[in-house]
Number of protein chains: 2
Amino acid sequence: MRDQRTETHRDNELSPPDHDAGLIPADHESRCNTWMTVNTLHRPTHRDALVHLESAFERGDMVTVFGRCTVDYDGRATSELGPGDRLVVLKPDGSILVHTDEKRTPVNWQPPGCTHSAGVRDGRLRVRSTRSSPDERLDVFFERVEQCSAYAVNDRSDLELVGSEEDLRQHILSDPSILEAGFEPLETERQSDAGALDIFGEDAEGVPVVVELKRRRVGPSAASQLRRYVDAVRREFGDNEPVRGVLVAPSVTDRATDLLDREGLEFVALDPETGEPPVEDEERGNEQETKGERADDE
Amino acid sequence: MRDQRTETHRDNELSPPDHDAGLIPADHESRCNTWMTVNTLHRPTHRDALVHLESAFERGDMVTVFGRCTVDYDGRATSELGPGDRLVVLKPDGSILVHTDEKRTPVNWQPPGCTHSAGVRDGRLRVRSTRSSPDERLDVFFERVEQCSAYAVNDRSDLELVGSEEDLRQHILSDPSILEAGFEPLETERQSDAGALDIFGEDAEGVPVVVELKRRRVGPSAASQLRRYVDAVRREFGDNEPVRGVLVAPSVTDRATDLLDREGLEFVALDPETGEPPVEDEERGNEQETKGERADDE
DNA sequence: CACTGTATATCGTAT
DNA sequence: ATACGATGTACAGTG
């Protein structure tokens, strides 16, 4: 992902804070290892934190700031957050996260592409992140900084993930019969007036089939999406030509089943990881005949 | 291996402040300065980090761990992440985030409700977060810990946010004419076979109107959603009764406009923050006559 | 629990 | 840049 650094001298921003509570002997720390990967100030003055932040931005470090703060956001929406202790994470790609002690989702944030800056205003440390298009601004005002760390990140690895919709597609393409005997895929991402079709193919009778894939249990919106695609293909092919629509997912809700039935669309249960029919919980209310023929109530 | 500096700044932790897991009374706020709110180890041994983590979990602290690690996830999907430097955040509500130096979204995570644990396995520090239903496990293996911090978080403030779909609804309910002259809201969240309708009302002629609200520019899926609702109400009212469907959003894409037209549905442009027609970029390809009557090409 | 829909969604890809 | 759909979406509200 990123390159590692080669510079270790950072003594300028390691000026010790004024209070002595929780002091880190910075110079000692920097000598501990040749590659300085973390640089931390405990209870710094706003001024020291400011210098620390700015040099971290300069270096392209990832930064965390913990302390008592308020947050102000104005952009796609507008929000205010009163005083509290939060962990703020600033990334060199321009993203910023404000985390409380709850939830996976930050209470405030900004996606990559923003510009970070810091300053002292009215006796508070202001950490600001802005961007244009859309015009947005996120301000964090610290009345007190408990800790401020800069991290030199070295990360080349990419995440490998199994069980996506793409995996489900590969399962079907490598063995089309798991969808239905005689199914023949003709095209993936085939364009239509309504957008790209996941899989377009023909059944054993040569009837066109639109296949929409979902990696997890589907509701009404997936049924509607399939309908839009089938409608588009029908407009393309004319009213005389039959076109089938098949929704493929591990399971389906009752309301979606009703919708599919009304629209004359079909459902096939497949697990995205295995490419096989998922194990049925007989208790659950969604029994579908996985081995029976498809209902031809059209 | 490298066990330099095993005891780092733990002095305050050894005299427990007994601050019952971050729930600090407001009237003791002044004393908060003397309490230890952050507890940090630099380059700890795995064993020291382990002890630090476990007592932080015990206290209900928020925790960050930075170092070189690999990540293993198995649950709704499966993923692997090779070695790299990451910032791991563990929250007392059971959520965990693994952040690289890029993206707003963590590279791996677990939502609230998980159980955190830590241990040393094969010379690596293992931080594990698990839950059942769904059965999921996230393992972070640190080959080296650069820094490990525990934060006592005190946060009572709630986020106040303006510009949501709910705000748009309030705008329309307090002045229904911004939707259309003579519009009368009758019910919000009215139930139908297809789900709850944002606003259900009547126009000046007494014709039923289904209103679907969106806080931002809408595409085909919003049009389909409105169609599902209108269909349900039409089934309810019978074929003789006319039912109108109106999509309200700041703007709409071309494909969604086509879809709405084909379905005989309507669009009204309103900004969720102001409740007024948004300022038009004449350059943009989505000109709609904001002051003209609605197109009655049905 | 499951179901449904919103989100400052974020993110990737194609146009 | 916008459009469109996937996401291990997360999250809230309801039944």
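Per the geometry, CZ belonging to B:Arg227 stands 15 Å off P belonging to C:dG5, to the nearest Å. When rounded to the nearest whole Å, the span between CG of B:Leu259 and P of D:dA3 equals 15 Å. As a whole-Å value, the separation of A:Arg76 CZ from C:dA7 P is 12 Å. Note: CG (B:Leu197) to P (C:dT4) measures 14 Å, nearest angstrom. When the P atom of D:dG8 is taken as reference, atom CG of A:Leu168 falls 14 Å away, rounded to whole Å. Per the geometry, NE2 belonging to B:His99 stands 13 Å off P belonging to C:dT10, to the nearest Å. Whole-Å rounding puts the B:Glu80 CD to D:dG8 P distance at 16 Å. Atom C1' of nucleotide D:dG13 and atom CD of B:Glu165 are separated by 13 Å, given to the nearest angstrom.
The same atom, P, is picked in D:dG8 and in C:dG5; the two are 22 Å apart, to the nearest Å.
Residue order along DNA chain D, read from the 5' end via each residue's closest nucleotide, puts A:Leu213 first among A:Lys103 and A:Leu213. Between A:Tyr229 and B:Asn108, the one whose closest nucleotide on DNA chain D sits nearer the 5' end is A:Tyr229. Residues B:Gly163 and B:Ala196 each lie close to DNA chain C; by heavy-atom proximity, the contact nearer the 5' end of the strand is made by B:Ala196.
Within the nucleic acid shown, A:Leu138 has no heavy atom closer than 4.0 Å to any nucleic acid atom. Residue-level contact check: B:Ser79 touches neither bases nor backbone, having no heavy atom under 4.0 Å from any strand. As judged by a 4.0 angstrom heavy-atom cut-off over every strand, B:Pro220 is placed among residues touching the sugar-phosphate backbone only. Counting any heavy atom pair closer than 4.0 Å across all strands shown, A:Thr78 reaches no nucleic acid atom. Across all strands shown, A:Ala194 has heavy atoms under 4.0 Å from sugar-phosphate atoms exclusively, and none from any base. Contact annotation for B:Gln191: no contact, since no heavy-atom pair falls under 4.0 Å across all strands. Residue A:Pro134 is out of contact with every strand shown, counting any heavy-atom pair closer than 4.0 Å. At the heavy-atom level, A:Arg216 lies under 4.0 Å from base atoms of the strands shown. A:Glu273 comes within contact range of no nucleotide atom at all, as no heavy-atom separation falls under 4.0 Å. A:Arg228 comes within 4.0 angstrom of the backbone, heavy atoms only, and of no base.
For the atom pair CD1 (B:Ile96) and SG (B:Cys114), the distance works out to 8.5 Å, reported to the nearest 0.5 Å.
Checked against C:dT6, C:dA9, D:dG8, the side chain of B:Pro111 finds its nearest nucleotide in D:dG8. The side chain of A:Thr105 has D:dA10 as its nearest neighbour among D:dA10, C:dT6, C:dT10. Distances were taken from every side-chain heavy atom of B:Arg217 (C-beta onward) to each of D:dA3, C:dT8, D:dG8; the shortest belongs to D:dA3. Candidate nucleotides C:dT6, D:dT9, C:dC1 were compared by shortest atom distance to the side chain of B:Ser133, and C:dC1 ranks first.
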* Is there a side chain to side chain contact (heavy atoms under 4.5 Å, CB included) between B:Ile172 and B:Val248 once you walk through the steps? -> CA-CA 10 Å; B:Ile172 293 176; B:Val248 180; 4.1 Å; yes
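No side-chain donor-acceptor contact under 3.5 Å links B:Asp198 and B:Thr188.
Although no hydrogens or angles enter the test, the distance criterion places no donor-acceptor pair under 3.5 Å between the side chain of B:Lys91 and the main chain of A:Asp101.
For C:dT4, the OP1/OP2 oxygens have a side-chain nitrogen or oxygen of A:Arg255 closer than 4.0 Å. The shortest distance between the side-chain N/O atoms of A:Gln225 and the OP1/OP2 oxygens of D:dA6 is below 4.0 Å. The side chain of B:Thr253 places an N or O atom within less than 4.0 Å of a non-bridging phosphate oxygen (OP1 or OP2) of D:dC4. Proximity of A:Arg104 to the phosphate of D:dC11: no side-chain N or O atom is located under 4.0 Å from OP1 or OP2. Dashed line: the shortest gap from a side-chain N or O of A:Trp109 to OP1 or OP2 of C:dT8 is not under 4.0 Å.
Between A:Arg227 and A:Asp231, at least one side-chain nitrogen of the basic residue sits less than 4.0 Å from a carboxylate oxygen of the acidic one, meeting the salt-bridge criterion. Taking 4.0 Å as the cut-off between side-chain N and carboxylate O, A:Arg169 and A:Asp167 do not count as a salt-bridged pair.
With both pairing distances under 3.5 Å, C:dT8 is matched to nothing as a Watson-Crick or G-U wobble pair.
With B:Val209 as reference, B:Val246 is the one residue of B:Val246, B:Val243, B:Leu186 to meet the side-chain contact (heavy atoms from CB on, under 4.5 Å) rule.
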